[in-house]
Amino acid sequence: MKLIYSLFGLFALFFSGDVLSADLNGYTAQYECKSGGTNCNVDVATYVTAACAQTITTADSAATISTKLNTGSSPICMENGDYSAKGVFTITADGTAGARRVLRYTRTGDNGDMPWNQSAANKAKMRGIILDSANFWIIHRLTIDGDGTSWPTFNGIEFLEPGNSDNNIVDSVLIEDGVYNMVTIGAGNDDNTIQNSVLRNCVATAGNDLNAVGLFGGPKRNHIVNNETYDCTKSFHNDETSSGGTIVENNDMYVTSSTYTNCSGVLNGTGPCSTTEGGILLKSAGTQVAPVLVIHNRLWGARVSDTNICCLGGTDGPLIMLTNQFQIPGSTGGARWTLVQNNILLDAQLGVIDFWPDIFNNSIIGNINFKIKNYRSIIPSYTFSTNYMTSSEWYLNTIIDVNSWFSFGGATPSDIRCNVMIDSGFGGDFTGPQDQVDFNTFYNSTSFAKPAPGTIVNKSVSTRANSTFYTSGDVI
């Protein structure tokens with residue numbers, strides 16, 4: 001087991017630090033917008049290196065900046081400098097599929113450095129951008145910094161609701177330190193992509209949920225790809241209105257120890273609570289032909305919410321929660337037709353859990369789960385749950401060193417097959433009458449099958465004594 005734990009220690013080291021590790025992990029995102037992209041064939045690199053047609057400078061008034069953004073030629077370049085005093089900028093003009101409008105960074109001696117690596121003097125810093133019925137834009141390498149201010153002074157990037165800002169790409173942008181969502185996508189804003197960006201440090205306030213990316217009112221087919229998001233109430237929030245075609249792919253989404261508290265409103269760097277609610281919260285329904293995909297992400301660090309200094313309600317610290325807004329049977333919202341696949345989930349109070357009724361037809365497949373533990377001892381800890389979720393499946397997951405590999409709450413039917421549990425406990429048998437739990441493998445773990453006895457594999461873990469030879473089939 002030491003070998004396995006050491007490998008995951010390397011994962012933790014690799015995913016720490018202020019870098020876009022999503023670019024370094026050997027996986028090629030399928031939904032990134034780029035030349036020849038599988039699902040978004042837009043040559044972003046060519047657009048953002050084209051010569052400036054207009055240039056915005058700090059000498060420009062807010063009115064002049066608005067005129068440059070919404071009239072005249074593109075690309076529109078924004079020189080480095082502090083634009084905070086000029087307010088939030090609103091974009092209403094349109095590009096086209098073949099001739100996108102571009103708002104991008106520039107400076108004398110520009111070497112292409114990303115905004116999170118730039119000095120304060122080299123950033124092009126502002127309070128926010130609103131897209132109001134603006135289509136076919138690329139926004140690139142800008143910094144939106146709240147400096148601790150609240151909406152409407154700080155706005156992040158907001159796709160205005162109701163609105164029809166479609167087919168826009170936000171690429172390589174830094175958004176941080178505001179009392180608001182870093183990115184807000186409202187109803188009617190479809191087919192937008194947020195990629196290759198850093199969204200961080202939402203300012204924790206009691207009674208508010210502040211998300212790195214928040215979808216509200218049912219926007220469709222928006223893609224969140226290759227980003228690094230951390231220390232917000234949630235990294236991704238999708239509300240209870242159907243948002244079919246939403247993709248969350250290849251992101252690093254985490255909570256750092258700088259948010260950890262003593263559960264009584266005091267930051268202490270160790271926990272067991274936090275000024276956040278977790279990683280991904282899905283209240284929205286996909287459809288059979290346009291499911292919600294949460295694929296190839298890495299999530300870690302979630303703890304129980306300290307509602308003395310954060311959040312609207314709080315949670316028990318899940319990395320991914322499939323839920324609904326209200327306990328209303330027959331509601332049209334709720335997580336449905338969601339695929340959670342090939343994610344790495346570690347170091348949290350809870351793994352992939354469910355909450356509230358009317359969530360169903362979800363698939364949790366091929367995820368690696370490690371050290372899902374009772375950091376807050378009075379709160380139960382478990383890796384997966386089916387307390388409310390029905391007609392769903394859990395296949396081919398690997399679960400290592402957790403307090404409980406599953407919590408059954410009686411929701412049925414559930415199909416839990418072909419998973420591997422290593423050094424993991426079990427939450428007890430509260431399965432429903434139609435549940436199937438079978439063909440799972442257990443190494444030094446509490447085994448369970450339904451209907452019993454099932455077809456399960458139980459393996460002990462051996463240690464090698466001196467020069468004793470291994471026996472075929474031993475797990476060490």
Side-chain angles (χ1 to χ4, degrees), residues 14-29 32-37 40 42-60 65 68-69 72-86 89 91 95 99-129 137-147 156-157 168-178 182-183 193-201 212 224-230 250-252:
F14 180 69
F15 296 141
S16 64
D18 186 18
V19 297
L20 281 178
S21 52
D23 293 334
L24 305 175
N25 64 12
Y27 171 74
T28 300
E32 180 182 2
C33 295
K34 60 185 179 182
S35 177
C40 183
V42 177
D43 191 353
V44 174
T46 295
Y47 272 111
V48 301
T49 53
C52 303
Q54 302 185 77
T55 301
I56 294 171
T57 75
T58 54
D60 291 335
I65 293 171
K68 289 182 177 180
L69 288 173
S73 300
S74 170
I76 304 157
C77 295
M78 178 170 276
E79 284 189 350
N80 59 304
D82 192 343
Y83 297 83
S84 301
K86 301 180 189 296
F89 304 125
I91 297 174
R100 291 175 178 262
R101 288 182 70 81
V102 176
L103 174 61
R104 72 168 178 87
Y105 173 90
T106 190
R107 74 171 185 267
T108 301
D110 186 5
N111 62 4
D113 53 346
M114 292 295 121
W116 47 90
N117 293 324
Q118 293 170 350
S119 67
N122 281 346
K123 296 179 190 293
K125 173 183 168 182
M126 67 201 73
R127 288 289 189 241
I129 295 172
W137 278 81
I138 298 173
I139 299 173
H140 190 255
R141 285 180 65 213
L142 303 178
T143 296
I144 300 176
D145 192 334
D147 287 324
I157 291 181
N168 299 290
I169 301 168
V170 176
D171 190 306
S172 303
V173 167
L174 170 64
I175 311 178
E176 62 182 351
D177 295 332
M182 303 292 103
V183 175
T193 299
I194 313 299
Q195 64 181 37
N196 303 321
S197 295
V198 173
L199 317 173
R200 65 188 181 191
N201 299 335
I224 316 302
V225 184
N226 287 1
N227 303 288
E228 182 171 0
T229 65
Y230 61 94
N250 203 36
N251 302 281
D252 291 334

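Here, residue 1 is the first one in the sequence, and each next residue gets the next number. The structure presented is a predicted model; accordingly, all values stated were derived computationally and were not measured.
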message = Can you see whether N201 engages E176 through a side-chain donor-acceptor pair at a distance of less than 3.5 angstrom?
response = no

query = Is it true that the side chains of S84 and D82 contain a donor and an acceptor less than 3.5 Å apart?
reply = yes

request  = For the residue pair N196 and E32, confirm or rule out a side-chain donor-acceptor distance under 3.5 Å.
outcome  = yes

Q54 CD to S74 OG distance, which is reported to the nearest 0.5 Å = 8.0 Å

query = Which pair of non-hydrogen atoms, one from K125 and one from R127, has the smallest distance, and what is that distance?
reply = CE-NH1, 4.2 Å

inquiry  = Counting C-beta onward and ignoring hydrogens, is there a side-chain heavy-atom pair between E79 and T58 closer than 4.5 Å?
reply    = no

request  = Verify, without hydrogens or angle tests, whether N227 (side chain) and L199 (backbone) share a donor-acceptor contact under 3.5 angstrom.
outcome  = no

Worked verdict on N251 versus T229 for side chain to side chain contact (heavy atoms under 4.5 Å, CB included) = CA-CA 8 Å; N251 302 281; T229 65; 5.6 Å; no

ask   = Cut-off 3.5 Å, side chains only: do Q195 and N226 have a donor facing an acceptor?
value = no

message = With a 3.5 Å distance limit and no angle check, can you tell me whether R107 reaches the backbone of A124 through a side-chain donor-acceptor pair?
response = no

note = CZ of R200 to CD1 of I175, rounded to nearest 0.5 Å, is 11.5 Å

remark   = In this structure, CG of D145 is separated from CG of L174 (nearest 0.5 Å) by 7.0 Å

task = Kindly determine whether V42 and R100 satisfy side chain to side chain contact (heavy atoms under 4.5 Å, CB included), including the steps that lead there.
result = CA-CA 10 Å; V42 177; R100 291 175 178 262; 3.6 Å; yes

query = At their closest point, which heavy atom of A29 faces which heavy atom of V225, and how far apart are they?
reply = CB-CG1, 3.6 Å

query = Hey, what do you get for OG1 (T193) to CD1 (I224), rounding to the nearest 0.5 Å?
reply = 7.5 Å

note = Sorted by chain and residue number, the salt bridge (Lys or Arg N to Asp or Glu O under 4.0 Å) partners of R141 (sequence neighbours excluded) come out as D110, D113

inquiry  = Quick check against the 3.5 Å criterion: does Y83 have a side-chain atom that pairs as donor or acceptor with the backbone of I56?
reply    = yes

request  = Please step through side chain to side chain contact (heavy atoms under 4.5 Å, CB included) for the pair I157 and I144, ending with a clear verdict.
outcome  = CA-CA 8 Å; I157 291 181; I144 300 176; 3.3 Å; yes

inquiry  = So I138 and V48, do their side chains get closer than 4.5 Å, heavy atoms only?
reply    = yes

Separation of W137 CH2 from I169 CD1 (nearest 0.5 Å) = 13.0 Å

inquiry  = Run K34 and T28 through side chain to side chain contact (heavy atoms under 4.5 Å, CB included) and show every step you take.
reply    = CA-CA 12 Å; K34 60 185 179 182; T28 300; 3.5 Å; yes

inquiry  = I want to check something: taking the side chain as every heavy atom from C-beta on, are I129 and I139 in contact at a cut-off of under 4.5 Å?
reply    = yes

request  = Nearest 0.5 Å please: distance from the OG1 atom of T143 over to the NZ atom of K123.
outcome  = 4.5 Å

remark   = Shortest non-hydrogen pair, P75 vs A50, comes out as CG-CB, 3.9 Å

query = Is there side-chain contact between H140 and Y105, with at least one heavy-atom pair below 4.5 Å?
reply = no

inquiry  = Quick one, K86 and I65 - any side-chain contact, counting heavy atoms below 4.5 Å?
reply    = yes

message = Suppose we screen for salt bridge (Lys or Arg N to Asp or Glu O under 4.0 Å). Which residues come up paired with K68, at least two apart in sequence or across chains?
response = D60

